[in-house]
*Asks:* 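For reference, the structure I am asking about is given below.
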Amino acid sequence: MLDNVRVRFAPSPTGPLHIGGVRTALFNYLFAKKHHGTFILRIEDTDQNRYVANAEQYIIDSLKWCNIPFDEGPNINEKFGPYRQSERKDIYKQYADYLIDNNKAYYAFDTAEELNFHRKDHEAKKKTFIYNWHNREKLKNSLSLSKEEVTQRINNGDKYVIRFKTPTNETLVMQDIIRGEIKMETNVLDDKILFKSDGMPTYHLANIVDDHLMEISHVIRGEEWLPSMALHVLLYKAFNWKAPKFAHLPLILKPTGKGKLSKRDGDKFGFPVFPLEYTDEKTKEVSRGYREDGYFNDALINMLAFLGWNPGTEQEIFSLNELVQSFDLQKVHKAGARFDLDKTKWYQQQYLHAKSDAELVALFNPILDTKIGGSTFKTFDNAYKTKVVGLIKERATFVADFWDLSSFFFAPPTQFNKKTAKKAWKEGTSELMEALISILNTIDDFTTKEVENKVKAWITSKEIGFGKVMQPFRLSLVGAMKGPHLFDIASMLGKDETISRIKFAIKTLS
C-alpha cells in the first residue's frame, strides 16, 4: 500500500471525451482507490482557441455515468482550487519569471513569419528546423539581445513567448512504471514554449506547476504524452521540485489496421467512441454514445479495464470494486490495445444476463409503453412480463433487443413472412392445424409440460413428421421462425389466444 497517493485526470475541454480518455480516468481512479488515495479532475483549458463551451460539463457527466467520480475538482472539495487552468493563469507567470531569473528560460521575440522563413529555409536544405541550443543565440531572444534591448522591447509591447532553456550535453535517465528505464539526450530536444504571447501558459508549464501545487504523486496518462516526459522531468529539476512517478498507458488501437482508435473508425464500423451522445455546438452533428446505444456503464468500464491491463488470471468479469482490488500498474501492457467490438458486445451481454428479470423488466417497460398501445390481446402484469424476459434475455445483447425477440408475447402477428410461410405452410397444413386445435381444446391444464406431452403424443400416434406440425404451429403463434421453446410460448399465451392465432393463420395462409 502506497502512502499519500494523489492522481489527476486532466482533460482539455475541446470536444467530447473519447473512450481513451475514459480509460485514462478509470486507471487513475482504480490506482487511487487501491491505495486509499485521491482522484482529482483538473480542466486544462489554456488553449482558448480550441475551447468548447459544453465540453467541460460533458466530461463531468461522462465520469458520473461511468461511475468513476472525482474526489476533488471544479466545485467539489476544492482543496487546491481552482481546478480550471483558465482560472489559475495569474499563478503561472510567477513560475515563468522564476525560470527567467534563474537562467532556465528566456524571452523569444521571433515572429511567426520569421520562424516560418527559417523552417522553409531548412526544408530547402533538406534539414529540420529546431529551436534549441545550436541556434538559439542566433535568433531573436534574450540570449542574443542585450538586456537593455530586451527591456525596451517588453516596454514597447513587443509580442514575446517564454521558451525553456534546455540543458545541453546531458543524458537524461527517466523511470516509467510501465515502460521501465527511458534515456534521452538533451541535445535532441527543442526549447519548448512555456508561456504564450496571449499571456496564457502552455500545457507544459501549467501541467508541471499544477501537479506540484496539487501534490500529485503519480502521473498516469496516455502514451501520446511520452515525448513530453523529458521536458517535464527537466522542468521539475529546473524548479528544484521532486517529480511525481510517471506511467504512460498504451494506445487504444483501431479494430483493424494501424493507428489509434478515432471517431472515424466508429463511424465506419458502426460503434460509438464516446461514452455519451454528443452534439457539436457549431455543426450540430450528433455523435453516438455508449449510454444511448444501450450499453450498461459497468459493462463499458469492465471492457475498458481490459484494454491494456490484465489481472493475470482467467477472470474477465469484474465489478468496479473487484477492479480496484486487482488493479496494478505493473500489469499494464506497453503495447497498444486493439479495440474489439465483438468483445465489447460480449461484455454487454454478460452484464445483461447477470441482471435479474425484475431489473430488466423495469428497463423494458418504457419500450413496451411505446410499442403495445391498444394492439394487445390482454393486460400484462409484471409477473407476465417477468416470465417473458426470462424466456428471451439469453438471446439479447441490449434491452432494445427485447421487443424484436418478444413482440409476439404482447401482440398477435398480423402478417407472415412470405418466404417462411411458403416453406412451412404446404398442402394439407391447414387440415393438420385444424386437428391440432382439436387436441389443444382437450387440454385443461395449459402448462408447458402438459401441452408438450399432449401434442407430441398426438403427432407420434398419427405418425406425422414433427416438422409438419411444429413449423406451422410456431409460425401461427409468432409470425416467424423465431422465439424460445414453442410450448413455453403457447403456455404463456394461454389456450384461447393460442387457438385464436392458429385460426388466423389458417384463414390467412390457406
Side-chain angles (χ1 to χ4, degrees), residues 65 270-272 276-277 279 286 288-300 344-345 348-421 424 446 448 451 471-509:
W65 180 72
F271 62 85
L276 312 180
E277 186 177 273
T279 302
V286 178
R288 293 164 61 179
Y290 276 88
R291 179 180 65 183
E292 289 73 18
D293 266 24
Y295 285 87
F296 297 133
N297 57 353
D298 43 8
L300 175 64
T344 304
K345 287 184 175 180
Q348 166 66 16
Q349 201 170 44
Q350 301 310 303
Y351 275 83
L352 183 142
H353 294 169
K355 289 188 182 297
S356 70
D357 293 346
E359 286 178 290
L360 293 174
V361 166
L363 296 171
F364 188 29
N365 272 330
I367 297 173
L368 277 176
D369 290 343
T370 64
K371 293 286 187 181
I372 57 180
S375 64
T376 62
F377 61 94
K378 66 176 182 179
T379 302
F380 307 103
D381 58 18
N382 258 349
Y384 182 86
K385 289 184 282 189
T386 301
K387 286 181 182 178
V388 170
V389 166
L391 289 173
I392 56 96
K393 71 176 184 179
E394 291 302 316
R395 296 171 176 83
T397 302
F398 302 99
V399 173
D401 298 334
F402 285 4
W403 176 251
D404 185 57
L405 292 168
S406 70
S407 59
F408 50 87
F409 280 112
F410 302 99
T414 57
Q415 57 187 10
F416 305 92
N417 181 276
K418 288 183 179 180
K419 188 176 179 180
T420 304
F446 215 74
T448 298
V451 175
Q471 287 188 19
F473 189 10
R474 180 177 291 277
L475 184 66
S476 300
L477 301 189
V478 177
M481 289 301 162
K482 65 178 185 180
H485 186 51
L486 177 57
F487 296 103
D488 281 334
I489 298 173
S491 176
M492 288 284 290
L493 295 176
K495 183 197 291 189
D496 291 345
E497 178 64 18
T498 295
I499 291 173
S500 174
R501 291 190 185 191
I502 296 172
K503 287 180 177 180
F504 176 75
I506 293 171
K507 180 181 178 182
T508 305
L509 297 173

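Because only heavy atoms are used, hydrogens play no part in the values below, and waters and symmetry mates are left out as well, while side chains stay in. Numbering of residues begins at 1 and proceeds along the displayed sequence. Fair warning: this is a prediction, and the values are worked out from it, not measured in the lab.
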*Asks:* Apply ring-ring contact (aromatic ring centres under 6.0 Å, His included) to His485 and list each qualifying residue two or more places apart in sequence or on a separate chain.
*Replies:* Phe487
*Asks:* Identify the two heavy atoms, one from Ser476 and one from Pro413, that lie closest to each other, and give their separation to 0.1 Å.
*Replies:* O-CG, 3.6 Å
*Asks:* Partners of Thr420 by side chain to side chain donor-acceptor pair (under 3.5 Å), sequence neighbours excluded?
*Replies:* Asn417
*Asks:* With sequence neighbours left out, what residues match Glu497 under side chain to side chain donor-acceptor pair (under 3.5 Å)?
*Replies:* Arg501
*Asks:* Just to verify, what does Thr386 make a side chain to side chain donor-acceptor pair (under 3.5 Å) with, not counting sequence neighbours?
*Replies:* none
*Asks:* Going by salt bridge (charged side-chain N to carboxylate O under 4.0 Å, His left out), name the residues that satisfy it together with Glu394, two or more places apart in sequence or in a different chain.
*Replies:* none
*Asks:* By side chain to side chain donor-acceptor pair (under 3.5 Å), which residues pair with Asn365, not counting sequence neighbours?
*Replies:* Lys385
*Asks:* Kindly say whether Glu277 contributes a backbone atom to a donor-acceptor pair with the side chain of Glu292 at under 3.5 angstrom?
*Replies:* yes
*Asks:* How many angstroms lie between atom CG of Leu352 and atom CG of Asp401, to the nearest 0.5 angstrom?
*Replies:* 8.0 Å
*Asks:* Please check if the side chain of Thr508 supplies one atom and the backbone of Ala505 the other of a donor-acceptor pair under 3.5 Å.
*Replies:* no
*Asks:* The criterion is ring-ring contact (aromatic ring centres under 6.0 Å, His included); which residues satisfy it with Tyr351, sequence neighbours excluded?
*Replies:* none
*Asks:* Report yes if some heavy atom in the side chain of Val388 is under 4.5 Å from a heavy atom in the side chain of Phe380; otherwise report no.
*Replies:* no
*Asks:* How far apart are the C-alpha atoms of Arg474 and Ile489, what are their side-chain angles, what is the distance that settles it, and do they pass the side-chain contact (heavy atoms from CB on, under 4.5 Å) test?
*Replies:* CA-CA 9 Å; Arg474 180 177 291 277; Ile489 298 173; 3.8 Å; yes
*Asks:* Are the side chain of Thr498 and the backbone N or O of Ala490 linked by a donor-acceptor pair below 3.5 Å?
*Replies:* yes
*Asks:* Please report, to 0.1 Å, the donor-acceptor pairs under 3.5 Å made by any side chain of residues 356-364, with sequence neighbours excluded.
*Replies:*
{"residue": "Ser356", "atom": "OG", "partner": "Glu359", "partner atom": "N", "Å": "3.1"}
{"residue": "Ser356", "atom": "OG", "partner": "Glu359", "partner atom": "OE1", "Å": "3.3"}
{"residue": "Asp357", "atom": "OD1", "partner": "Lys393", "partner atom": "NZ", "Å": "2.9"}
{"residue": "Glu359", "atom": "OE1", "partner": "Ser356", "partner atom": "N", "Å": "2.9"}

*Asks:* Could you report the tightest heavy-atom contact between Ala421 and Leu509, atom names first, then the distance?
*Replies:* CB-CD2, 3.9 Å
*Asks:* Report the residues that fulfil salt bridge (charged side-chain N to carboxylate O under 4.0 Å, His left out) with Arg288, sequence neighbours left out, ordered by chain and then residue number.
*Replies:* Asp293
*Asks:* For the atom pair CZ (Phe504) and OG1 (Thr414), what is the distance rounded to the nearest 0.5 Å?
*Replies:* 6.5 Å
*Asks:* Say whether, by atom type as modelled, one donor and one acceptor occur between the side chain of Tyr290 and the main chain of Asn297 under 3.5 angstrom.
*Replies:* no
*Asks:* Pair up each side-chain donor or acceptor in residues 402-411 with any protein partner under 3.5 Å, not counting sequence neighbours, and list the distances.
*Replies:*
{"residue": "Asp404", "atom": "OD1", "partner": "Lys482", "partner atom": "NZ", "Å": "3.4"}
{"residue": "Ser406", "atom": "OG", "partner": "Phe402", "partner atom": "O", "Å": "2.7"}

*Asks:* Is atom NZ of Lys355 surrounded by more than 12 heavy atoms (other residues, nucleotides or ligands) closer than 6.0 Å?
*Replies:* yes
*Asks:* Apply ring-ring contact (aromatic ring centres under 6.0 Å, His included) to Phe271 and list each qualifying residue two or more places apart in sequence or on a separate chain.
*Replies:* Phe339
*Asks:* Quick one: pull up CG in Leu486 and CG in Asp488 and give me the separation to the nearest 0.5 Å.
*Replies:* 9.0 Å
*Asks:* Which residues pass the side-chain contact (heavy atoms from CB on, under 4.5 Å) test with Lys495, not counting sequence neighbours?
*Replies:* Asn441, Asp444, Phe446, Ile499
*Asks:* Quick check against the 3.5 Å criterion: does Gln348 have a side-chain atom that pairs as donor or acceptor with the backbone of Thr397?
*Replies:* yes
*Asks:* What's the separation between atom CZ in Arg395 and atom NE2 in His353, rounded to the nearest 0.5 Å?
*Replies:* 10.0 Å
